[in-house]
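What follows is a set of notes on a single structure, which appears directly below.
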Amino acid sequence: MLFRDGYKYQLAADEVFYTSFRPEKAIKVSRITLHTDGKMIVHEGFAFDGASGIKDRRTNLRASCGHDALYLLMRMSEL
């Protein structure tokens, strides 16, 4: 897997998040799946920038990954 230029981090394995979003049908875009029950899977290879305004730490990187994935869905007008 090639590391994506311009990003500080890239997932080596899928990450699963449980959100309060409930789309009428599953949303599937490159490296993100949001199911109708709110379960979001950010797939291996997803690249993101880390936390904004604070030092990147192991304790906040997972949250920044989920945040970036949700904002990407919003920018794509999927949410």
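Since the structure is predicted, the reported quantities are computational estimates derived from the model, not experimental observations. Atom set for the values below is all heavy atoms of this structure, side chains included, hydrogens, waters and symmetry mates excluded.
- Between T19 atom OG1 and K39 atom NZ the span is 11.5 Å, to the nearest 0.5 Å.
- At least one donor-acceptor pair closer than 3.5 Å links the side chain of D14 to the backbone N or O of E44.
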Show your reasoning for whether side chain to side chain contact (heavy atoms under 4.5 Å, CB included) applies to T33 and H43.
CA-CA 8 Å; T33 304; H43 299 280; 2.9 Å; yes

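- Both L11 and L34 are assigned to one and the same hydrophobic cluster, defined by single-linkage of ILVMFWY side chains at heavy-atom distances under 4.5 Å.
- Remark: F21 pairs with no residue by the ring pair (Phe, Tyr, Trp, His ring centres under 6.0 Å) rule, at least two apart or across chains.
- No donor-acceptor distance shorter than 3.5 angstrom exists from the side chain of R31 to the backbone of V42, with no hydrogens or angles considered.
- Atom CZ of R57 sits in a sparse spot, with 12 or fewer heavy atoms from other residues, nucleotides or ligands closer than 6.0 Å.
- Rounded to the nearest 0.5 Å, atoms SG (C65) and CG (N60) are 12.0 Å apart.
- In this structure, L61 CG and H67 NE2 are separated by 13.5 Å, a value rounded to the nearest 0.5 Å.
- Transitive grouping of hydrophobic side chains (ILVMFWY, heavy atoms separated by less than 4.5 Å) keeps V16 and M40 in distinct clusters.
- Residues H35 and P23 come closest through the heavy atom pair O-CD, 3.5 Å.
- For D56, the salt bridge (Lys or Arg N to Asp or Glu O under 4.0 Å) partners are K8, not counting sequence neighbours.
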Full working for side chain to side chain contact (heavy atoms under 4.5 Å, CB included) between L72 and V29:
CA-CA 10 Å; L72 179 57; V29 298; 5.6 Å; no

Going through the checks in order, is the side chain to side chain contact (heavy atoms under 4.5 Å, CB included) test met by I32 and L70?
CA-CA 9 Å; I32 304 169; L70 287 169; over 6 Å; no

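- Partners of Y18 under the ring pair (Phe, Tyr, Trp, His ring centres under 6.0 Å) rule, at least two apart in sequence or in another chain, do not exist in this structure.
- A single hydrophobic cluster is not seen to contain both I27 and I41; linkage of ILVMFWY side chains at heavy-atom distances under 4.5 Å, directly or through other members, places them apart.
- Nearest heavy-atom pair across F48 and S64 is CE1-OG, 3.6 Å.
- The distance from the OH atom of Y71 to the CG atom of L79 is 11.0 Å, given to the nearest 0.5 Å.
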